[in-house]
Amino acid sequence: MTVTTPETGLRAQLLRLARGAVAFAIVLGICGMGAAPSYAATDAQSDEGFVELFISVGLNAVVAPGAATTAELTVQNGSDAELAAGRVVLEIGRTPLTDDAALSTWLDEGVTGAVFTPLGSDGTTSVDPGASTTTSITVPQESLADLTPGVYPLRAALSGTDGVDSDPAILTDVASRSILIVTAAPAPQVAVLVPITATPADGSLLTLDELVALTASDGSLTAQLEGVVGTSAALAIDPAIPAAIRSLGTSAPTRVVEWLARLEALPNERFALQFGDADAATQAHAALPSLLQPTSLHASLDPKLFPSIPNTASPEPTPSPTPEPSVPDDAELSAVVGALPGILWPRGDVTGDDLTTFAGYVGGPATTILPSTSIGETLSGHAVVGEHDLLITDAATSAALSAAAAEPDTDARAGSLAAANGHLFLAAQSAPGVPLLIGLERDETRTAAALRAAITAVDTPAFDLSALRSAAPSAVTLTAASDVSRATALQTMLADEVTLNAFSTVLDEPQLLLGPERIQILRVIAVGKTDEEFTAAVDDHRTATQTTLGSVGIEPTSTIQLFGANADFGFWVRNDLPWPVDVRLLAQPSDLRLDVQRETEARADAASNTRVKVPVSARVGSGDLTVELSLKSPTGVDIGTTRYADVSVRAEWETIGLFIFGGLAALLIVVGVVRTVRRRRRSEASEVVEADAEAAPLEEEH
């Protein structure tokens with residue numbers, strides 16, 4: 001299905017007129033030059049929405065020679081207006097498509113040299129907005145009697161409809177392309193590979209909340225499990241999924257535990273992908289001596305969440321043995337129960353030298369799963385390159401079936417299933433009697449119904465990988481070239497990891513940081529990432545690494561004024577990590593006038609700023625100087641960036657201040673004494689004057 005953003009204004013009107021002209025030519029001329037980019041339907045679009053036409057014929061496009069069949073044509077009205085009744089015409093090209101290229105060209109571009117003849121037509125009813133209607137056309141036996149086994153192009157056209165009140169904004173002439181497969185030979189034996197993967201938001205292990213959501217009735221892991229139940233599909237399981245579930249211990253919700261139990265109980269054959277679905281080819285191209293593994297899944301486990309076992313270390317039984325937590329190791333956490341050993345499913349850019357490297361990776365004979373594009377031919381199934389064992393997936397069929405498994409709409413899915421069966425028929429014709437292999441692409445958005453429909457449309461019941469590997473192999477030659485860019489990016493990330501390893505010595509438990517870091521690298525090089533996604537993931541990872549390396553440091557400080565001979569300078573150590581860190585603060589003054597404690601140990605709390613006091617003392621003299629500040633881990637690794645604190649030393653001001661304050665105090669005392677004496681003298685003089693004044697009248701009386 002093709003969805004186009006609605007246009008507005010003059011440009012939208014011109015585009016609608018152009019689309020109308022193309023659709024009108026398709027409907028009236030019924031020529032083989034379809035203009036639609038999607039083989040499922042040519043969408044008629046407008047500002048209000050779109051209309052689509054889908055074809056479903058036979059059993060996923062397969063019919064027996066000379067047999068009658070029924071074609072169902074579904075009209076979906078995605079517009080906001082009612083779609084009036086119209087008419088559909090179904091035609092077939094009577095020249096078969098001979099190979100994958102011709103089939104793809106017809107479905108993708110509508111180009112074929114076949115001459116088309118009518119198979120039937122019928123009217124359609126009106127369709128409400130957002131609804132659909134299906135019309136059945138019976139194709140009689142005589143219409144197909146002259147067709148020999150092969151893949152034939154089909155096309156249908158819908159015309160004669162209008163929107164409510166003939167709204168000119170509703171363009172309704174649409175066309176659709178599909179195929180009809182006429183086959184008389186027995187169906188080939190087909191095995192289907194289904195990857196079971198889930199990617200956490202933070203790139204490490206799935207969290208409790210993520211697992212709860214993924215195993216819900218509408219969750220991705222539930223859909224992947226339900227989609228393979230009752231099929232013979234072989235499962236390629238990312239061991240990070242069971243590791244995430246088992247790491248929860250007794251805190252794992254019942255629903256999550258039951259999902260893992262159901263997966264392990266399935267009878268389907270399975271093998272383990274590399275942790276995080278990491279690509280073995282990228283690692284081989286980076287010249288790694290062994291496959292990368294998680295450094296530790298154990299550091300973040302809570303021993304209290306695991307059942308305890310009695311302590312039997314003592315030779316003599318004790319009345320109350322001390323229980324010990326039964327914490328699983330990394331191998332137990334990530335084990336895929338029942339997995340076949342020695343199988344790798346890398347990207348397709350594998351060389352002959354890589355196959356030798358893979359044998360070293362698995363410690364013995366390796367079976368490598370590759371697409372047919374890696375060998376430059378359409379051969380599928382069991383193959384060998386020298387002494388190296390291969391399983392080759394049919395690339396064209398795998399792509400079409402992956403598209404079908406990703407399509408939740410039943411009507412739209414019919415086109416992809418027809419395409420998959422068409423490519424499968426051509427593959428069987430090129431190698432009659434040879435078992436075939438289809439590998440679905442990595443996809444975590446499939447619905448259970450779509451996945452099951454895709455698998456059951458092609459797989460052979462009770463045919464599995466073991467049966468395929470026991471078939472006689474075909475000798476092939478690898479034609480793919482190494483992807484140097486991915487190898488270079490991996491080497492760069494591993495170099496960053498070495499730097500992060502040194503930085504992690506600030507932690508009591510370095511694996512708290514290093515464990516998730518390694519898993520994130522594994523997920524960055526995952527097989528399912530496109531080139532664009534890979535480039536973006538590498539950039540994001542390197543940015544995150546630099547952020548981590550800068551998460552511990554010294555905060556900038558303003559100018560410090562030192563007026564006394566001794567003091568404590570306070571500096572702030574920033575720690576953005578979710579764990580406390582141990583550091584050594586080194587201080588180096590630029591001048592001998594200041595004596596600073598050269599090294600101070602500090603423990604910075606998690607996600608906070610911690611004040612560290614550094615004793616200093618001033619020597620004789622004053623002036624401005626700087627103190628160089630740096631951090632080191634307990635093992636001597638430089639942490640963060642060097643800071644410089646400006647210090648203004650005024651140490652002699654302490655003595656001067658004492659003299660000044662002493663002099664002022666003495667002066668105040670002297671002034672006080674003088675004022676007191678003078679006040680007393682004035683008081684005595686005043687008393688004498690008053691006494692004289694009182695005595696004068698008495699003398700006059702006498």
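The chain is numbered in sequence order, starting from 1. Excluded from the calculations below are hydrogen atoms, water molecules and symmetry mates; all remaining heavy atoms, backbone and side chain alike, are included.
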Answer with yes or no whether the side chains of Thr70 and Ser136 bring together a donor and an acceptor at under 3.5 Å. no

Please walk me through it: do Ile519 and Leu297 pass side-chain contact (heavy atoms from CB on, under 4.5 Å)? CA-CA 9 Å; Ile519 297 175; Leu297 300 174; 3.8 Å; yes

Distance-only, no hydrogens or angles: does the Gln141 side chain make a donor-acceptor pair with backbone N or O of Ala68 under 3.5 Å? no

Will you find, in the side chains of Asp443 and Thr445, an N or O donor that is under 3.5 Å from an N or O acceptor? yes

Looking just at side-chain N and O atoms, do Arg94 and Thr117 make a donor-acceptor pair shorter than 3.5 Å? yes

Using a 3.5 Å distance criterion without hydrogens, assess whether the side chain of Asp238 forms a donor-acceptor pair with backbone atoms of Leu273. no

Are the side chains of Ile392 and Ser374 in contact, using a 4.5 Å heavy-atom criterion? no

If we only count heavy atoms from C-beta on, is the Asp464 to Leu468 side-chain gap below 4.5 Å? no

Going by heavy atoms in the side chains, are Leu390 and Val384 under 4.5 Å from each other? no

State, yes or no, whether a side-chain contact exists between Leu451 and Leu440 at a heavy-atom distance under 4.5 Å. yes

Just checking, any donor-acceptor pair under 3.5 angstrom between side chains of Glu444 and Thr199? yes

Are side-chain N/O atoms of Asp279 and Gln274 paired as donor and acceptor at under 3.5 Å? no

Minimal heavy-atom distance between Ala450 and Ala405, with the atoms involved, is CB-O, 3.3 Å

Walk me through it: do Val57 and Leu90 pass the test side-chain contact (heavy atoms from CB on, under 4.5 Å)? CA-CA 11 Å; Val57 59; Leu90 179 66; 5.8 Å; no

Hey, is the main chain of Asp394 close enough, under 3.5 Å, to the side chain of Thr397 for a donor-acceptor pair? no

side-chain contact (heavy atoms from CB on, under 4.5 Å) assessment of Leu144 paired with Leu147: CA-CA 6 Å; Leu144 305 177; Leu147 298 181; 3.6 Å; yes

Test Leu154 against Trp106 for side-chain contact (heavy atoms from CB on, under 4.5 Å), laying out the working first. CA-CA 9 Å; Leu154 276 181; Trp106 163 245; 5.8 Å; no

Sidechain-backbone polar pair: Gln283 side chain, Leu292 backbone, donor-acceptor under 3.5 Å: yes

Side-chain (Ser380) to main-chain (Leu437) donor-acceptor, under 3.5 angstrom: yes

Keeping the roles fixed (side chain from Asn421, backbone from Asn60), state whether a donor-acceptor pair exists under 3.5 Å. yes

Please identify which of these residues, Thr535, Asp531, Asp349, meets the side chain to side chain donor-acceptor pair (under 3.5 Å) condition with Arg486. Asp531

I need the minimum non-hydrogen distance between Pro188 and Ala428, along with the two atoms involved. CG-CB, 3.7 Å

Side chains of Asp353 and Thr351 only: does a donor on one sit below 3.5 Å from an acceptor on the other? no

Correct closest heavy-atom pair for Ile438 and Thr393 would be C-CG2, 4.3 Å

Looking only at heavy atoms, which two atoms of Gly376 and Thr479 are closest? And how far apart? N-OG1, 3.4 Å

State, without any angle test, whether Ser466 and Glu269 hold a side-chain donor-acceptor pair at a distance under 3.5 Å. yes

Are Thr367 and Asp389 close enough that a side-chain donor and a side-chain acceptor fall under 3.5 Å? yes

Tell me, do Ile455 and Val194 make a side-chain contact under 4.5 Å, heavy atoms counted? yes

Suppose we call two aromatic rings close when their centres sit under 6.0 Å apart. Are Phe358 and Trp345 close by that rule? no

Hydrogens and angles aside, do Gln224 and Ser220 bring a side-chain donor and acceptor to less than 3.5 Å of each other? yes

Decide yes or no for Val350 and Pro346: does some side-chain heavy atom of the first lie under 4.5 Å from some side-chain heavy atom of the second? yes

Hey, does Arg347 have a side-chain heavy atom less than 4.5 Å from the side chain of Asp483? yes

Side chains of Phe534 and Ile525 in contact at under 4.5 Å (non-hydrogen atoms): yes

Over all heavy atoms of both residues, which pair between Ala418 and Ala61 is shortest? Give the atoms and the distance, please. CB-CB, 3.5 Å

Please confirm whether the backbone N or O of Arg523 pairs with a side-chain atom of Lys529, one donor and one acceptor, at under 3.5 Å? yes

Main-chain N/O of Leu263 paired with Arg270 side-chain donor or acceptor, under 3.5 Å: yes

Rounded to the nearest 0.5 Å, what separation is found between the CG atom of Leu205 and the OG atom of Ser247? 5.5 Å

With no hydrogens and no angle check, is any side-chain donor or acceptor of Arg177 less than 3.5 Å from a backbone partner on Leu107? yes

With the threshold set at 4.0 Å, does a side-chain nitrogen-carboxylate oxygen contact exist between Glu441 and Arg446? no

How many angstroms lie between CZ in Phe271 and CG in Leu340, if you round to the nearest 0.5 Å? 8.5 Å

Is a side-chain donor-acceptor pair under 3.5 Å present for His285 with Asp354? yes

So, the side chain of Glu407 versus the backbone of Ala404: is there a donor-acceptor pair under 3.5 Å, distance only? no

